[in-house]
Novice: 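Have a look at this one before I ask anything.
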Amino acid sequence: MNAQPMQLLTILTEAVLEDTLIEEIMELGARGYTISEARGRGTHGVRTGKWAAGGNIRIEVVGDAALCRRIVERLHSQYERDYGLLMFTCAVELQN
Amino acid sequence: MNAQPMQLLTILTEAVLEDTLIEEIMELGARGYTISEARGRGTHGVRTGKWAAGGNIRIEVVGDAALCRRIVERLHSQYERDYGLLMFTCAVELQN
Amino acid sequence: MNAQPMQLLTILTEAVLEDTLIEEIMELGARGYTISEARGRGTHGVRTGKWAAGGNIRIEVVGDAALCRRIVERLHSQYERDYGLLMFTCAVELQN
Amino acid sequence: MSFEPVVLFFVLGAAAGLLRSDLKIPGSIYEALSIFILLAIGLKGGVELAKHPIGDLLVDGLVIVLMGALIPLVAFPVLRYLGHMSRADSASIAAHYGSVSVVTFSVGITLLGQEKLAFEGYLIVFLVLLEMPALVLGVILARYGQGTVRWGKLLHEVFFGKSIYLLAGGLVIGYVAGADGIQPLDKLFFDLFKGVLALFLLEMGLVASTRIAALREYGVFLALFAVLMPIFSATLGVVTGWMLDFSVGGTFLLATLFASASYIAAPAAMRIAVPEANPALSIGASLGMTFPFNIFLGIPIYLWMARLIHAGGG
Amino acid sequence: MSFEPVVLFFVLGAAAGLLRSDLKIPGSIYEALSIFILLAIGLKGGVELAKHPIGDLLVDGLVIVLMGALIPLVAFPVLRYLGHMSRADSASIAAHYGSVSVVTFSVGITLLGQEKLAFEGYLIVFLVLLEMPALVLGVILARYGQGTVRWGKLLHEVFFGKSIYLLAGGLVIGYVAGADGIQPLDKLFFDLFKGVLALFLLEMGLVASTRIAALREYGVFLALFAVLMPIFSATLGVVTGWMLDFSVGGTFLLATLFASASYIAAPAAMRIAVPEANPALSIGASLGMTFPFNIFLGIPIYLWMARLIHAGGG
Amino acid sequence: MSFEPVVLFFVLGAAAGLLRSDLKIPGSIYEALSIFILLAIGLKGGVELAKHPIGDLLVDGLVIVLMGALIPLVAFPVLRYLGHMSRADSASIAAHYGSVSVVTFSVGITLLGQEKLAFEGYLIVFLVLLEMPALVLGVILARYGQGTVRWGKLLHEVFFGKSIYLLAGGLVIGYVAGADGIQPLDKLFFDLFKGVLALFLLEMGLVASTRIAALREYGVFLALFAVLMPIFSATLGVVTGWMLDFSVGGTFLLATLFASASYIAAPAAMRIAVPEANPALSIGASLGMTFPFNIFLGIPIYLWMARLIHAGGG
Ligand SMILES: Nc1ncnc2c1ncn2[C@@H]1O[C@H](COP(=O)(O)O)[C@@H](O)[C@H]1O
Ligand SMILES: Nc1ncnc2c1ncn2[C@@H]1O[C@H](COP(=O)(O)O)[C@@H](O)[C@H]1O
Ligand SMILES: Nc1ncnc2c1ncn2[C@@H]1O[C@H](COP(=O)(O)O)[C@@H](O)[C@H]1O
Ligand code: NA
Ligand code: NA
Ligand code: NA
């Protein structure tokens, strides 16, 4: 039960991408992920989450820096141009 | 695609304030925000999110330290006395 | 309104534990907590949140390092073996 | 005494809350049920309204709104000077009691159905009219000589808040389409009405059970107020209905309307316009005490009062 | 063989899951559908109960509960010693099979409607009675000589868990209000019942399709158990119903009740009381195998069995 | 001109959006309403289909699909060369207009009910058939000579996307169970249909009001397209229906089907298959302009056109 330094990668993106991104993330070696619903506004306009395919999701992955970088790079090259997407990382201590 | 150091400001407050706070936040210069539903307990009692106007929301804004400070100051002076409100910031690396 | 350094403890676990864990957390001295719905995958398999008792929740507690450690220790010893559970902490600045 | 089985669902919900059952009505279902009830009541009122020349209702409407405005004006000084409550809390609670509850009104209507008593269908119009002035009065009472009010925001909230918007919208659609035009919708909005009301009362019981505790904290005065105020308002309503020559059923419904306290429109409006008022107090009183009092004891009493005044007056 | 079109909705849902359609029933809608079904069944039972002196049912109730208790007591050693499963898993699965499924029961009732067979309406009371003892037995089996149980928490979960609470609450309301009092609610709770059941089965199919995979991992033994156990339980039910002089319809329903396995009340209770049991096993078996087996093959077989014993006995 | 009160609910929703009322239909309720409508329409179609030898419909089906395919093939060059829109946007919008809208179709059916006009019930089958080819054509138009398409993913989305899946699933269940088998479900799926449609239109109004703004940004060309394209498609539909010897009602419905533009299946499919297209453009046009145009003006015009061609042809 020692705290381990890790990265928390948070991805805010369109709900239609859910299945696709999860496949990518697991393939890149994540041991798990957490998803929750969100809505918001960014450079791609307002996304209210009210209308079919109109919502955002938040995907969170706890992993080491290398994993987070791999995911960021993949998403950056594949999805950033066409989809609403915001990614940021933060240092956390895993407590399991 | 260089990681940029930024602040993530998280605001936990009453759902009735949603429209008002978003106006304030955009007016203060945020480029975007993310909202999700929450419930919880604090010094203003339990908020179960079950009854009309009885829920909490979480508003998140990624921005530079100055923006976050402006938002914190505005909300502190305008809303803290009368509404349930918790705000905290955290250093993140923007990965877009 | 000075920013105070604090810890944000995030707990990802099964929705059935909600009442039990909240009791524990308040008993250990937290002044509040925030809960939101989530789904995800980890070592205990996929939890889609679709079926009775099948969802995850995210519990967040802002508190000092000692409080967070007490909660982590209690949850670690009482629930980790039998339930899906992920806990991590992160340094935040309380802005209230 | 008249007994309406649908209130048993309130008991079931309240007991679930008090016994800490894990029964919950999801928030989105609660929203859907209330949209249904507001629209259905509005449609029903509009269909009735289409049967009357609107001009005839103007005088009635004016009298009812003026009499209704007495309620917050009486409640405020009682709360402020007898109850020693803060100005903001007094004003907010007064607004809740001056405004009305669609569900209490609906329980009144189902009782009339059971007792086979007719009523003036256009009374539903007054449900819409009565919801607003009390909210505005509440804000004036809170702010009089105390700085500025964001009136724009408040009036928008009052008129376009969903509960008044749906009631009024249903009213207009019912009026325009008429009974024939609405008829294909009857199977949803009218046939299922009472069943939906039962489910709604289940949820109200669940919520009310969590509010009673909040009320307990604030003592005997507020609890007494929550029981005596509706009786006073109902008396005002009975007299008004009798003056306006309403039937027994109509007199009773007006009394019920006056006696009912808002717990949907008013809390939302007051939270925005008078945020320093404590919402636990006003919702605790209106939902935790007055609502159950009305549906169990008040409504039968008001019917008895309406019968009495008509027996005396006839 | 008897065929009930409503089960086609289960197929539609299961196929959607297996074909990876993006069809989803939102969680809150699932909650609303199950509240509806539990209340409706409870109300129906209460209305029927009001027609009988309760005293007459006491002996029947006792016999049925005792016979029903045999199910987990037989299932446990089979799982533990034949299946070599852990003590916790064996106990948890035994509790699932001892408890009952309201939806399976409802499909049984719609089949009787289609076959125009009468049944003892008060049987619904036993649906409520049978849900509980198996859960308590399951915990005893898991914990016997193995440390302490938080009985308070468990019993609270058992009695005030929403599924039993709503069934029992509906029963009481139906009993108190009687057929006449409930009549205005019929249009919602009874007329729409079968349609709502269809939607619920759609969702059950969607969920079951994700559970079959979990089951596959745990091999042939559990799959066999999930098919043979209900046949054994149904036989017990047929014999019990016949002993108690039930009609063919009543005997069939009791068999269906015994054969059905819980996937709502039991998982929630076991997760709290026996957390070291793997929920994928018990839900995989009860929902992924036994539920579809029952509605497609079991139910027609149990009706045939009920007819057989009555033909032989008559 | 023919007027159908149910469209007033669209106005109520749109006004709520424009007046910034806080009225909202929760997302899960919207999902439930659309599942209901898709299943109900499918079931109705299946019951009708069971009355006809399927062979008879093959030729009709082929003609209708081929004529329907003309719509995106005409729309694409208009958007690309007259409108100077990007290849991706032109293709995506063309796919939206080639595909169909179940709600527009439903409003058409309720109008026929009101006008007491019969129609070929099996037309609902073509609703299912028409939804798909346009989506595939849209992707081909976007990608032709432009790199690869993930056809597997796209075709899966097209066939197992929930809207087509539920329509087709309802069709099969209705076909297998037949009118008698479905009859116990009528009270839910058919009796409540129009009321649910009203609620759905309320939500459509709310959403459409937020889309008109998006459309305004993109100028007059797209707005004109959103009005003229459905008139062109309806003409094509009227001619096709007349060629196929449909009744007036059937001809009108086919015209409505051709004129309607998708805002559920198409947006989801295009977002995945042609992500560089701007969804605000296509949804703004189809939902913000074409949908209200169709239900208020288009549908009465198409009925007039259908009557005209039959009067001329007879
Ligand atoms: N500055 C920001 N702060 C918080 N959330 C943001 C911010 N910018 C964008 N987002 C979120 O990320 C989603 C996609 O962003 P974008 O690609 O900029 O449209 C938005 O819908 C928001 O939910
Ligand atoms: N210590 C805490 N940890 C996490 N969330 C909190 C904490 N205190 C308050 N909150 C959240 O912030 C909301 C408003 O807090 P308050 O103003 O203290 O009532 C609560 O309803 C909780 O959701
Ligand atoms: N690496 C991870 N990143 C993000 N969330 C995770 C991760 N691992 C587990 N989780 C979340 O924690 C829950 C419980 O995890 P577990 O105990 O590993 O099954 C999962 O259902 C996920 O929601
Ligand atoms: Na009142
Ligand atoms: Na059983
Ligand atoms: Na079309």
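Chain letters run A, B, ... following the sequence lines, proteins first, then strands; residues in each count from 1. All figures in this text were calculated on a predicted structure; none of them were measured in a lab.
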Novice: Find the distance between CG (L166(F)) and CG (L202(E)) and round it off to the nearest 0.5 Å.
Specialist: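 Interatomic distance, L166(F) CG to L202(E) CG, rounded to 0.5 Å: 6.5 Å.
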Novice: Between H156(F) and R20(E), what is the shortest heavy-atom contact and its length?
Specialist: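 The answer is CE1-O, 2.8 Å.
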Novice: I35(F) and K24(E): which non-hydrogen atoms are nearest, and at how many Å?
Specialist: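 Minimum heavy-atom contact is CD1-O, 3.6 Å.
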Novice: Which answer fits L199(E), side chain, backbone, both or neither, if we ask what part of it has an atom under 4.5 Å from a heavy atom of chain F?
Specialist: side chain
Novice: Which heavy atom of I29(E) sits nearest to which heavy atom of A32(F), and what is that distance?
Specialist: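 So the minimum-distance heavy-atom pair works out to CD1-CB, 3.5 Å.
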Novice: Given that the side chain runs from C-beta out, which part of L12(E) has a heavy atom under 4.5 Å from chain F: side chain, backbone, both or neither?
Specialist: both
Novice: With sequence neighbours excluded, what pairs up with Q183(E) under the side chain to side chain donor-acceptor pair (under 3.5 Å) test?
Specialist: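 Q183(E) satisfies side chain to side chain donor-acceptor pair (under 3.5 Å) with no residue once adjacent residues are dropped.
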Novice: How would you list, by chain and number, every residue that makes a salt bridge (Lys or Arg N to Asp or Glu O under 4.0 Å) with K194(F), sequence neighbours excluded?
Specialist: E4(F)
Novice: Rounded to the nearest 0.5 Å, what separates atom CD1 in I272(F) from atom CG in D22(E)?
Specialist: 8.0 Å
Novice: For I182(F), is it the side chain, the backbone, both, or neither that has a heavy atom closer than 4.5 Å to a heavy atom of chain E?
Specialist: neither
Novice: Tell me, for L43(F) versus chain E, whether the close heavy atoms (under 4.5 Å) come from the side chain, the backbone, both or neither.
Specialist: side chain
Novice: Checking heavy atoms, do the side chain of F193(E), its backbone, both or neither come under 4.5 Å from chain F?
Specialist: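 No part of F193(E) comes within 4.5 Å of chain F.
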Novice: Would you mind telling me which of G195(E), S21(E), A198(E) has the largest number of heavy-atom pairs within less than 4.5 Å of chain F?
Specialist: S21(E)
Novice: Mind listing the closest non-hydrogen atom pair of V196(E) and L188(F) along with its distance?
Specialist: N-CD2, 3.7 Å
Novice: Would you mind telling me which of D191(E), V11(E), L197(E) has the largest number of heavy-atom pairs within less than 4.5 Å of chain F?
Specialist: D191(E)
Novice: Restricting to side chain to side chain contact (heavy atoms under 4.5 Å, CB included), what partner residues turn up for A15(E), sequence neighbours left out?
Specialist: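 L19(E), Y165(F).
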Novice: Sort by residue number and list every member of residues 118-125 of chain E having a non-hydrogen atom under 4.5 Å from chain F.
Specialist: none
Novice: How many angstroms lie between atom CG of L192(E) and atom CG of D186(F), to the nearest 0.5 angstrom?
Specialist: 11.5 Å
